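Working notes, structure below.
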Amino acid sequence: MEEGHPLEQKAIVLDDAAIRRGMTRIAHEILEKNKGVDGLILVGIKTRGVPLAKRLAEKIAHIEGVEVPIGEVDITLYRDDLSKHTHQEEPQLKGTSIDGDLNNKTVVLVDDVLYTGRTVRAAMDALMDYGRPSQIQLAVLVDRGHRELPIRADYVGKNVPTSHDEVIGVHLSEIDSLDQVGIYHQT
C-alpha cells in the first residue's frame, strides 16, 4: 500500500476463505494448462508474490504429489520508475533466489496485484538474467485493471475493478498476520 498518505478501508473484497479458494483454483488451472508439472517453476515477485508462490506450490504438491521448484525475484533494479522514488536515496535490494536453470522451463510468475503491468515487465527483465524460459505465465491474486503495458494474467484469483485513486491492499498472514484483500481510498 502507499506510504505517507492516510488510507481508509472502503471494502473487503477477499477474506481468508476466498483467498484460499482463489489459490486452489489457480493451482488447478496451472496444472490443467501445463498438463502437469514437468518443466514448471513458480517464481514469486517480492514481496507478497513469494508467499503466494509458496502457497501455490503447496496446493500443487497436494494435488499432484510432486513438489514444484520455487524461486524469488527482486525487481528493484529493473524498475523504470526508480528516479521517481525520491524519499529513498538508494534502492533497497531484497535479493533474487532462483535455484536451477530457467532455460526451456515454463516459469509462472506470481504476484499479489496486477495494475499497470510495470512490475511484471520488470520481473520478466530480471528473469532473462537467469536464463531463457520456453514460456512465462502470470498468476495474480487480484487484477485491478488500468494497464499501461500490453500485459495480461494467465491466472487470476479475482478481478476487482477500481478507480485510479483507490488502492488495493493485500494482507497475507506470512507478512501481515492476517489474510485479507481490501479496497482503500485516501482520506
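The first residue of the sequence shown is numbered 1, and numbering continues consecutively from there. Keep in mind it's a predicted model, so treat the numbers as computed, not measured.
- Annotation for Asn103: atom CG counts as buried by contact number, over 12 foreign heavy atoms lying within 6.0 Å.
- Taking the side chain as every heavy atom from C-beta outward, Glu174 and Arg55 approach each other to under 4.5 Å.
- Using modelled atom types, one side-chain atom of Asp15 and one backbone atom of Ala18 make a donor-acceptor pair closer than 3.5 Å.
- Val43 and Val37 are members of different hydrophobic clusters when ILVMFWY side chains are connected at heavy-atom separations under 4.5 Å.
- The pair Glu166-Arg144 does not count as a salt bridge, with every side-chain nitrogen at least 4.0 angstrom from each carboxylate oxygen.
- Relative ring orientation between Tyr115 and His164 is described as tilted, the plane-to-plane angle lying within the 30° to 60° band.
- A 4.5 Å side-chain heavy-atom check between Ser97 and Lys46 finds every atom pair outside the cut-off.
- Tracing side-chain contacts under 4.5 Å through hydrophobic residues (I, L, V, M, F, W, Y), one reaches Met23 starting from Val108; they form part of the same cluster.
- Of the possible polar contacts, none joining the Asp112 side chain to the Gly49 backbone as a donor-acceptor pair under 3.5 Å is found.
- Across Lys105 and Asp101, no two heavy atoms sit closer than the pair NZ-O, 3.0 Å.
- A salt bridge is absent between Asp143 and Arg152: the closest approach of a Lys/Arg side-chain nitrogen to an acidic carboxylate oxygen does not fall below 4.0 angstrom.
- Considering all non-hydrogen atoms of both residues, Asp179 and Ser173 come closest at OD1-N, 2.7 Å.
- Glu32 contributes atom CD, which lies 9.5 Å from atom OH of Tyr155 (distance to the nearest 0.5 angstrom).
- A heavy-atom distance below 4.5 Å is not found between the side chains of Lys59 and Arg25.
- Inter-residue side-chain proximity for Leu141 and Lys158 is flagged as unmet; no heavy-atom pair is nearer than 4.5 Å.
- Val156 and Ile168 are assigned to two separate hydrophobic clusters, defined by single-linkage of ILVMFWY side chains at heavy-atom distances under 4.5 Å.
- In terms of heavy-atom proximity, Ile63 sits nearest to Leu31 at CG2-CD1, 3.7 Å.
- The minimum heavy-atom distance between Val68 and Ile41, with the atom names listed, is CG1-CA, 4.2 Å.
- Residues Leu52 and Ile26 have side chains not in contact (no heavy-atom distance under 4.5 Å, counting atoms from C-beta outward).
- Val181 and Val160 end up in the same hydrophobic cluster when Ile, Leu, Val, Met, Phe, Trp and Tyr side chains are linked at under 4.5 Å.
- In Glu148, the CD atom is crowded: over 12 heavy atoms of neighbouring residues, nucleotides or ligands sit closer than 6.0 Å.
- Put simply, NE2 on His185 and CD on Gln9 are 10.5 Å apart, with the number rounded to the nearest 0.5 Å.
- Residues Ile45 and Leu109 meet the side-chain proximity criterion, which asks for heavy atoms closer than 4.5 Å.
- For the pair Glu29 and Gln137, the minimum side-chain heavy-atom distance is 4.5 Å or more.
- Pro51 and Leu172 make their closest contact through CG-CD1, 3.8 Å (heavy atoms, listed as atom of the first residue, atom of the second, distance).
- To the nearest 0.5 Å, atom CG of residue Leu40 and atom CG of residue Leu56 are 10.0 Å apart.
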### Message
For a side-chain contact (heavy atoms from CB on, under 4.5 Å) check, start with the C-alpha distance between Gln186 and Leu7, then their side-chain angles and the critical distance, and finish with the verdict.
### Response
CA-CA 5 Å; Gln186 294 182 7; Leu7 297 174; 3.5 Å; yes

### Query
Stepwise, does the side-chain contact (heavy atoms from CB on, under 4.5 Å) test hold for Arg147 with Leu114?
CA-CA 8 Å; Arg147 220 72 75 237; Leu114 178 57; 3.5 Å; yes

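- Using a 4.5 Å cut-off on side-chain heavy atoms (C-beta onward), Pro133 and Thr106 make no contact.
- Rounded to the nearest 0.5 Å, atoms CG (Leu127) and CG (Leu102) are 6.0 Å apart.
- Panel note: side chain Asp111, backbone Val140; no donor-acceptor pair is recorded below 3.5 Å.
- Using modelled atom types, no side-chain atom of Arg121 and backbone atom of Leu149 make a donor-acceptor pair closer than 3.5 Å.
- A donor-acceptor pair under 3.5 Å is absent between the side-chain atoms of Arg48 and the main chain of His171, judged by distance alone.
- There is no path of hydrophobic side-chain contacts, each under 4.5 Å, that joins Ile30 to Val73.
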### Message
For Met128 and Ile136: C-alpha separation, side-chain torsions, deciding distance, then whether side-chain contact (heavy atoms from CB on, under 4.5 Å) applies.
### Response
CA-CA 11 Å; Met128 294 305 161; Ile136 298 174; 3.6 Å; yes

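- Distance check, rounded to the nearest 0.5 Å: CG of Asp125 to CG of Leu77 gives 12.0 Å.
- Closest non-hydrogen pair, Val50 versus Glu72, comes out as CG1-OE2, 3.4 Å.
- Between atom OH of residue Tyr184 and atom CG of residue Asp165 there is a gap of 16.0 Å, rounded to the nearest 0.5 Å.
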